[in-house]
Amino acid sequence: MFGIGVPELILILIIGLVVFGPGKLPEVGRALGKGINEFKKATSDITESKPAKAEKSESKSEVKEDA
């Protein structure tokens, strides 16, 4: 994925436990997951709307050329 191996992942989890504590860590992970999910959804919405906008601008330019 990002070139993160098992030792690096374990180190990140240990640092997370030290910084946030075992009670707060699931809540932080859940919030991070929701944030990543919303970001993916927003980027997919943007990429899907770009071709539609391009088609609209092309059709407008064709109408202007005809007039």
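Just so you know, residue 1 is the first one in the sequence shown, and it goes up from there.
Separation of atoms CD (E48) and OG1 (T43) is listed at 9.5 Å; rounding is to 0.5 Å. Expressed to the nearest 0.5 Å, how far CG of L9 lies from CD1 of I14 amounts to 10.0 Å.
For the residue pair P26 and G23, the shortest heavy atom distance occurs at CD-O, 3.7 Å.
The salt bridge (charged side-chain N to carboxylate O under 4.0 Å, His left out) analysis of residues 4-25, with sequence neighbours excluded, yields the pairs K24-E27.
The other residues sharing a hydrophobic cluster with I15 are L11, L17, V19, F20, L25, V28, where clustering joins ILVMFWY side chains under 4.5 Å apart.
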